[in-house]
Structures are given as structure tokens and as C-alpha cells.
Visitor: 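Could you have a look at this structure, given as C-alpha cells, before my questions?
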Amino acid sequence: MVPADAAMTSTPTVVGIPARLEPVDWDPTGLPTDPDEVMSWIVDPTRRGELYPLYRQLRRVAPVYRNRPEIFHGAWMFSRFAESDEAFRNPRVVNDPRVVEEAFNHGDGAFRRVMRNVMLWQEPEPHQRVRNLVKAAFTQRAIARFRPIAAKVANELCDRIETLGHAELVAQFNYELPFNVIAQIIGIPEEDFPRVKQLAWDFARAGEKTVTSELARRGDDAARGFEAYFDELAESRRRAPGEDLLSSLLEAEADGERLTHTELIANCIL
């Protein structure tokens, strides 16, 4: 547990996640030395905002290790840059699609169906096929087109904070920045942002380590809501392509292949 007198400042809960600011040198005593126990603390949602001492502890006691299935699906954990970089560059290191069936076996299956089709969890061959198609939409020219969007969103958020005279950084900047940038890059109309933001929140919670029946239900509903939303938006872009990422993905082609409709929708959700 975190000492009651630990030097940190608590801030209000933001969309379900407690955010805390800590001094860089804050390192509580009494941390577990068993890596599985450290990992179980890390994936405990009640400890969010207290993670950096746990990350440091994991690097100290077991920078590379495989946890027990009940801790985090029996995954290999790499907590230092050198080993993480080596694993990232090694073509033999791939995600195991079986994790989807084991880790996301809650609810009525809608969330699991989407996760099966995102490129992160596919077998190496279909993963590479989708990756080749998707990367065509992320050329240097495309990225240059996205950069002003990110700058504009960041400036608008800062202007809003300046007008208010104060800020809760997680709620008003850290969460808003990536959501607004990604939504605009994909081509989601601004009037749909509230709806899509709620879908994104509910969908993401269903992918956590501990999922209640209520979170599972909301995750499945969000999966269906996302599928219906992007199905409609994709049809709109087929009729009238724009300068957005969704239009680029619809047009992307490599070696005579295109994304299937299922792949398109799943990776838009991703």
C-alpha cells in the first residue's frame, strides 16, 4: 500500500482513472520483490497514478520474465529499453491470437470478435498483409498532412486552459489531445465526438485485466456501436472520399489486395 504520508498531490478522479502527481524521487518502501506480485499491483486499476515506483521495482527484480496466466495472461514482460527494442525488431516475436480467446472471454462475444480482427492479434502472415496495406496511408507525405491537426488541437486545448485559469491536466489535456487528434485524422465529424468518445472509453475498459459483468456488457455494446458507426462512415467516404485517414485506407492497395470490410472496421476501432 502507498504510505499515507507519501509526498504526492491527489487530484480528482477523471473518467474513472485517479490521476496523481508525484515527485520524481518518490519511491515508497515495502514494495513486493516477487515479479508476479509487482505485476499484479501494476494491473490493479486502483493503483493507477502510483505506477512509476512499480515499474522501477520490476526493472530491478525481473527486467525480463514471463508471468503466471492468472496475473497477466502468461505474457512475457520486458521492462527495460534494450530488451524491449531487441524483441520489437525480432521477427520471431509475435502476438499469439490465442490470447484473444483466453483474455477476452467475457460478455457476449462482440468485443472479442472485434479484437480477433485487429492487426495486433493476427497470425504473422495476415498481420503483415494488413500492415502492408495500412502503412500505405502513413507515408511521410500523409504524416506531414496530419501534423498541423495535432498542433491545432494542442493550441486550442491550451487556449481553453488559459481562459479557465486552471487545469486538471489528465481530463482537460492528456485525454483530450490524443482523442481529438485521432478522431480528426480518421475523419470523424466533430458533432460525433461525444458519441465516439463514450464508445472508445467503454470499449477500452473491456480490454483491461479485471472486467466486471457490467464493464463486459458495455464493452460488447461499444463494439457493436463502433461497428455500426464506422460501417456508416465508411459508406459515406466511399461515396465522397476526403483527405482523411479513413478515405486513404479505403483506397489503400498493395500487391493487388485491399483491406476487407471487416479488417477496415476493426482497425478503425483500433
Visitor: Please answer whether the main-chain N or O of L270 pairs with a side-chain N or O of N267 as donor and acceptor at a distance below 3.5 Å.
Guide: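 Side chain of N267 to backbone of L270: no pair is present.
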Visitor: Please round to the nearest 0.5 Å and tell me the distance separating atom CD of Q122 and atom CE of M119.
Guide: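 Result: 8.5 Å between the selected atoms.
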Visitor: CD/E37 to CZ/R68 distance, rounded to the nearest 0.5 angstrom?
Guide: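 If I round to the nearest 0.5 Å, the distance is 9.5 Å.
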Visitor: The test is side chain to side chain contact (heavy atoms under 4.5 Å, CB included); show your working for I269 and V118 and say whether it passes.
Guide: CA-CA 8 Å; I269 295 172; V118 301; 5.7 Å; no
Visitor: Ignoring hydrogens and geometry, is there a side-chain-to-backbone donor-acceptor pair from R59 to R80 under 3.5 Å?
Guide: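 Side chain of R59 to backbone of R80, a donor-acceptor pair under 3.5 Å: no, none is there.
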Visitor: State, with a plain yes or no, whether a side-chain heavy atom of L58 is found less than 4.5 Å away from one of Y65.
Guide: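 With C-beta onward as the side chain, the pair touches.
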Visitor: Taking E263's backbone N and O only, do any of them form a donor-acceptor pair with N117's side chain (distance below 3.5 Å, no angle check)?
Guide: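 It does not hold such a pair.
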Visitor: Does CD belonging to E214 count more than 12 external heavy atoms closer than 6.0 Å?
Guide: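 Yes.
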Visitor: Determine, for R160 against E156, whether the closest basic-nitrogen to carboxylate-oxygen distance falls under 4.0 angstrom.
Guide: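 Salt bridge: no.
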Visitor: Test your reading of the model: is there a side-chain donor-acceptor pair from D202 to the backbone of R218, 3.5 Å cut-off?
Guide: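 No; zero donor-acceptor contacts below 3.5 Å.
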Visitor: Assign the ring pair F111 / F203 to parallel, tilted or perpendicular, where the plane angle (0 to 90°) is split at 30° and 60°.
Guide: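 The arrangement is tilted - the two ring planes meet at 30° to 60°.
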Visitor: Has R66 got a side-chain atom pairing as donor or acceptor with G74's backbone, closer than 3.5 angstrom?
Guide: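 The answer is yes, because a donor-acceptor pair under 3.5 Å joins these two groups.
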Visitor: Is it true that F78 and F88 have ring centroids separated by less than 6.0 Å?
Guide: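 No, ring centres 6.0 Å or more apart.
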Visitor: Return yes if a side-chain donor-acceptor contact under 3.5 Å exists between N180 and Q184, otherwise no.
Guide: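 No, no side-chain donor-acceptor contact under 3.5 Å.
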Visitor: Look at the aromatic rings of Y55 and Y52 and report parallel, tilted or perpendicular, splitting at 30° and 60°.
Guide: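 Correct class here is perpendicular.
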Visitor: Without swapping roles, check the side chain of D220 against the backbone of A110 for a donor-acceptor pair under 3.5 Å.
Guide: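 Looks like yes, one N/O pair under 3.5 Å.
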Visitor: Under 3.5 Å, is there a donor-acceptor pair between the H261 and D231 side chains?
Guide: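 Per modelled atom types, H261 and D231 side chains form a pair under 3.5 Å.
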Visitor: Is the closest side-chain heavy-atom distance between C158 and F173 below 4.5 Å?
Guide: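 Result yes, sub-4.5 Å side-chain heavy-atom pair found.
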Visitor: Determine whether a donor-acceptor pair (N or O, by modelled atom type, separation under 3.5 Å) exists between the side chain of R195 and the backbone of Y229.
Guide: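 Absent.
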Visitor: Could you state the interatomic distance from CG (L31) to CZ (R56), rounded to the nearest 0.5 Å?
Guide: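 Atom-to-atom, L31:CG and R56:CZ are 9.0 Å apart.
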Visitor: Does a sphere of radius 6.0 Å around CZ in R131 hold more than 12 heavy atoms from other residues, nucleotides or ligands, not counting ones at 6.0 Å or beyond?
Guide: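 No, the 6.0 Å shell around CZ holds no more than 12 heavy atoms from other groups.
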Visitor: Do N105 and E101 pair up side chain to side chain, a donor and an acceptor below 3.5 Å, judged on atom types alone?
Guide: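 No, no side-chain donor-acceptor contact under 3.5 Å.
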